[in-house]
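The shown structure was predicted, so the numbers you read here are calculated from the model rather than taken from an experiment.
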Amino acid sequence: MDIELAVADAQLQADCAADGAAFEAAVRRQIDAHNAHVERILTRVADGHTSRTVLEEQAQAVRESKVAATEQLTRYC
């Protein structure tokens, strides 16, 4: 849950950014949090804690969110 909170916090900071530098820093934190989330999911797959299919679907959803954040960064910077 800590990673999900980091993503949400970074998104909120990006939405409330007063200038371009603050926006860029917040989106970069969001992307870093997405990367950490994917890594955690893939580790759970490797450890066999949860169904590989379920975790791969979760990882794909996180990757799609990361792509959206990266596109947002590219558009505004």
Supply the atom-to-atom distance L12 CG to L5 CG, rounded to the nearest 0.5 angstrom. 12.0 Å
Could you tell me which non-hydrogen atom of I31 sits nearest to which non-hydrogen atom of A69, and how far apart they are? CG1-CB, 3.9 Å
Those residues that, when tested against Q13, pass side-chain contact (heavy atoms from CB on, under 4.5 Å) (two or more places apart): D9, A26, R29
Would you give the length of the straight line joining atom NE2 of H34 to atom OG1 of T70, rounded to the nearest 0.5 angstrom? 8.0 Å
Run the side-chain contact (heavy atoms from CB on, under 4.5 Å) test against A22 and tell me which residues pass, sequence neighbours left out. A17, D19
Using the side-chain contact (heavy atoms from CB on, under 4.5 Å) criterion, which residues pair with R63? Sequence neighbours excluded. V38, L42, A59, Q60
Just how far is it from atom OG of S65 to atom CD of Q30, taken to the nearest 0.5 Å? 8.0 Å
If you take all heavy atoms of V27 and A14, which pair is closest and at what distance? CG2-CB, 3.8 Å
What's the separation between atom CG in N35 and atom CZ in R40, rounded to the nearest 0.5 Å? 13.5 Å
